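To start, the structure itself, in structure tokens.
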Amino acid sequence: MSQIYDRVALIGLGLIASSMFWAMKRAGLAREVTGYARSEKSRETARRIGLCDRVCDTAREAVEGADLVVLCVPVGAMGAVAEEIASVLKPGATVSDVGSVKRGVIRAVQPHIPDGVHFVPAHPLAGTEHSGPESGFAELFDNRWCLLVPVEGSDPDAIARLRALWEGMGSNVDEMDADHHDLVLAVTSHAPHLIAYTMVGVADDLRRVTDSEVIKYSAAGFRDFTRIAASDPTMWRDVFLSNKDATLEILGRFTEELFALQRAIRTGDGDHLFDYFTRTRAIRRGIIDAGQDTDAPDFGRGKASS
Ligand SMILES: NC(=O)C1=CN([C@@H]2O[C@H](COP(=O)(O)OP(=O)(O)OC[C@H]3O[C@@H](n4cnc5c(N)ncnc54)[C@H](O)[C@@H]3O)[C@@H](O)[C@H]2O)C=CC1
Ligand SMILES: O=C(O)C(=O)Cc1ccc(O)cc1
């Protein structure tokens with residue numbers, strides 16, 4: 001893979017920025033990558049582990065002369081960072097971000113983008129429950145989707161170049177509009193995270209009664225919940241505050257269905273439960289048969305029934 005940008009600036013040196021740095025270096029996609037982190041400790045860590053070719057003490061210093069600037073901070077901080085760097089952005093440069101919510105980020109960032117600078121929001125659908133400069137790794141984006149969410153008037157060349165960067169970092173790339181993105185992510189990521197947080201909270205309350213049994217005997221489903229519920233509190237607070245409407249819409253539907261299942265259990269309506277679980281099982285099989293579950297073990301793949 002060959003170089004796509006001369007200079008890239010990463011603002012906020014956490015999981016996503018550090019993974020981007022290692023993935024760009026792996027494929028030689030940028031000549032120089034500068035980085036800025038708000039805390040002195042993160043900057044020191046970055047310098048110690050060789051994260052970024054140059055770690056700067058201000059965001060403006062990192063951004064000066066950059067062809068691509070990627071905002072990798074929590075979605076609630078995107079607007080303030082964009083405002084801070086706006087006056088030093090190079091004409092013809094592209095500003096992008098990696099935020100988990102798109103409509104709110106576009107609303108906060110776009111007003112600060114000067115004429116002659118391109119804005120192409122993006123969202124890699126890849127992550128872990130870890131955060132900070134030491135949590136990143138080059139393979140994070142391999143075979144994962146990255147959604148580009150161009151705004152009205154986004155320059156086709158700027159979009160194509162950013163697409164090439166994400167493909168170079170191992171991703172499959174699609175384009176989507178912001179409202180659709182936020183609704184899809186509310187279903188596939190944001191509401192599930194909230195449910196995991198809630199379930200772990202419930203179990204924590206229970207633990208007072210049953211001592212450590214909840215943890216000791218937790219089967220795979222609950223363990224997955226605890227992993228997800230260990231995700232960064234700042235990041236997820238901002239996601240829910242920023243994607244409020246879509247998340248509330250999905251949670252409304254979720255609670256309706258949950259109440260229906262609750263009622264079926266109370267009234268002994270086994271048919272309702274059986275039909276519901278049969279429908280959801282078919283959805284899982286559809287994902288596996290379409291080859292879209294990259295994490296799934298091979299057993300059962302392609303089997304019509306078991
Ligand atoms: N963690 C994940 O699994 C994924 C996260 N994202 C998005 O990527 C963005 C970054 O997330 P992570 O890398 O996981 O977070 P992280 O917590 O690992 O890193 C965030 C970095 O931003 C810095 N920061 C926070 N507020 C700041 C401010 N006001 N000014 C400057 N720097 C500030 C933090 O000090 C930290 O270095 C978020 O917008 C998140 O929604 C997207 C896909 C996956
Ligand atoms: O760790 C997990 O299970 C995730 O779901 C990672 C993740 C978190 C936030 C995103 O916006 C995209 C991916």
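Computed from heavy atoms alone, side chains included, the values below leave out hydrogens, waters and symmetry copies. Just so we're clear, the structure is a prediction, and the values are computed from it rather than from any experiment. Remember, it's 1-based here, ligands and their atoms both numbered in the order they're listed.
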Distance filter under 4.0 Å to Arg227 heavy atoms, resulting ligand 2 atoms: 1 (O), 2 (C), 3 (O)
Met235 N/O to ligand 1 N/O under 3.5 Å: no
Would you mind listing which atoms of ligand 1 come within a distance below 4.0 Å of any non-hydrogen atom of Pro124? 43 (C)
Answer yes or no: does atom CZ of Arg48 have more than 12 heavy-atom neighbours from other residues, nucleotides or ligands under 6.0 Å? yes
For atom 40 (C) of ligand 1, closest protein heavy-atom neighbour: Ser100 OG, 3.6 Å
Using the six-membered ring wherever Trp is involved, compare the ring planes of Tyr276 and His272 and label them parallel, tilted or perpendicular (cut-offs 30° and 60°). parallel
Can you tell me which residue and heavy atom of the protein come closest to atom 8 (C) of ligand 2, and the distance to 0.1 Å? Trp236 CZ2, 3.7 Å
Give the atom numbers and elements of ligand 1 that come within less than 4.0 Å of a heavy atom of Val75. 39 (O)
Under a heavy-atom criterion of less than 4.0 Å, does Cys72 contact ligand 1? yes
The test is salt bridge (charged side-chain N to carboxylate O under 4.0 Å, His left out); show your working for Asp53 and Arg47 and say whether it passes. CA-CA 9 Å; Asp53 300 309; Arg47 288 184 182 116; over 6 Å; no
With a cutoff of 4.0 Å, is His130 in contact with ligand 1, counting heavy atoms of the residue only? no
Hey, which atoms in ligand 2 end up nearer than 4.0 Å to a heavy atom of His193? 4 (C), 5 (O)
Apply the side-chain contact (heavy atoms from CB on, under 4.5 Å) test between Pro121 and each candidate in Val98, Val151, Val105; give the one that qualifies. Val151
Those atoms of ligand 1 less than 4.0 Å from some heavy atom in His123: 42 (C), 43 (C)
I'd like to know if Met78 contacts ligand 1, where contact means a heavy-atom distance under 4.0 Å to any ligand atom. yes
Check the angle between the aromatic planes of Trp236 and His190 and answer parallel, tilted or perpendicular using the 30° and 60° thresholds. perpendicular
Derivation of the side chain to side chain contact (heavy atoms under 4.5 Å, CB included) call for Glu134 and Thr45: CA-CA 8 Å; Glu134 292 183 279; Thr45 303; 3.5 Å; yes
State whether any protein heavy atom lies less than 4.0 Å from atom 43 (C) of ligand 1. yes
For Met235, take its heavy atoms, then give the atoms of ligand 2 lying under 4.0 Å from any of them. 9 (C)
Decide whether an N or O pair under 3.5 Å exists between Ala17 and ligand 1. no
How far is atom 9 (C) of ligand 1 from its nearest protein heavy atom, and which residue and atom is that? Val73 O, 3.6 Å
With backbone taken as N, CA, C and O and side chain as the heavy atoms from C-beta onward, which portion of Glu129 lies under 4.0 Å from ligand 1: side chain, backbone, both, or neither? neither
Do any heavy atoms of Trp145 fall under 4.0 Å from ligand 2? no
Tell me the closest heavy-atom pair linking Val120 and Leu162, and the distance in Å. O-CD2, 3.5 Å
Atoms of ligand 1 close to Val98 [distance to a heavy atom under 4.0 angstrom, numbered from 1]: 6 (N), 7 (C), 8 (O), 9 (C), 42 (C)
Tell me if a side-chain donor or acceptor on Asp182 pairs with a main-chain N or O of Lys102 at a distance below 3.5 Å. yes
Please write down residue, atom name and distance for the protein heavy atom closest to atom 15 (O) of ligand 1. Leu15 N, 4.4 Å
If the cut-off is 4.0 Å to any non-hydrogen atom of Gly99, which atoms of ligand 1 fall inside it? 39 (O)
Would Asp142 and Arg26 count as a salt bridge (charged side-chain N to carboxylate O under 4.0 Å, His left out) if you check the C-alpha gap in whole Å, the side-chain angles of each, and the deciding distance to 0.1 Å? CA-CA 12 Å; Asp142 285 350; Arg26 178 182 67 174; 2.8 Å; yes
Could you tell me which atoms of ligand 1, counted from 1 in the order shown, lie closer than 4.0 angstrom to a heavy atom of Gly14? 13 (O), 16 (P), 18 (O), 19 (O), 37 (O)
Ligand 1 N/O within reach of Val239 N/O, cut-off under 3.5 Å: no
Under 4.0 Å, counting heavy atoms only: does Ala37 come that close to any atom of ligand 1? no
Which of Glu257, Glu249, Glu256 passes salt bridge (charged side-chain N to carboxylate O under 4.0 Å, His left out) with Arg253? Answer is Glu249
Quick one: does Ile16 get an N or O within less than 3.5 Å of an N or O on ligand 1? yes
With a cut-off of 4.0 Å, which atoms of ligand 1 are near a heavy atom of Leu13? 37 (O)
Decide side chain to side chain contact (heavy atoms under 4.5 Å, CB included) for Thr94 and Val69; before the verdict, give the C-alpha distance in whole Å, the side-chain angles of both, and the deciding distance to 0.1 Å. CA-CA 6 Å; Thr94 294; Val69 177; over 6 Å; no
For atom 24 (N) of ligand 1, which candidate among Ala80, Pro74, Ala77 holds the nearest heavy atom? Pro74
Ligand 1 atoms nearer than 4.0 angstrom to some heavy atom of Ser131 are 16 (P), 17 (O), 18 (O)
Establish, yes or no, whether a centroid distance under 6.0 Å links the rings of Trp166 and Phe141. yes
Only one of Asp97, Val81, Leu71 clears side-chain contact (heavy atoms from CB on, under 4.5 Å) with Val109; which? Leu71
To the closest 0.5 Å, what do you measure between SG (Cys52) and OH (Tyr36)? 13.0 Å
Atoms of ligand 2, numbered as shown, that sit under 4.0 Å from any heavy atom of His123: 10 (C), 11 (O), 12 (C)
Worked verdict on Glu64 versus Arg60 for salt bridge (charged side-chain N to carboxylate O under 4.0 Å, His left out): CA-CA 6 Å; Glu64 258 174 310; Arg60 290 166 67 84; over 6 Å; no
State which residue, out of Glu175, Arg103, His123, fulfils the side chain to side chain donor-acceptor pair (under 3.5 Å) condition with His181. His123
Test salt bridge (charged side-chain N to carboxylate O under 4.0 Å, His left out) on Glu40 and Arg43 and set out the steps. CA-CA 5 Å; Glu40 173 81 50; Arg43 295 198 294 272; 3.3 Å; yes
To which protein heavy atom is atom 35 (O) of ligand 1 closest, and what is the distance rounded to 0.1 Å? Arg38 NH2, 4.2 Å
How does Val239 reach ligand 2, if at all, at less than 4.0 Å between non-hydrogen atoms: by side chain, backbone, both, or neither? neither
Below 4.0 Å from any atom of ligand 1, is there a heavy atom belonging to Ala126? yes
Where's the contact between Thr128 and ligand 1, heavy-atom distance under 4.0 Å: side chain, backbone, both or neither? backbone
Atom 3 (O) of ligand 1: closest protein heavy atom, distance to 0.1 Å, is Gly127 CA, 3.2 Å
Going by an N to O cut-off under 4.0 Å, is there a salt bridge joining Arg31 and Asp6? yes
Roughly how far, to the nearest 0.5 Å, is CG of Asp204 from CE of Met199? 11.5 Å
Residue Ser100 vicinity, atoms of ligand 2 by number, heavy atom under 4.0 Å: 9 (C), 10 (C), 11 (O)
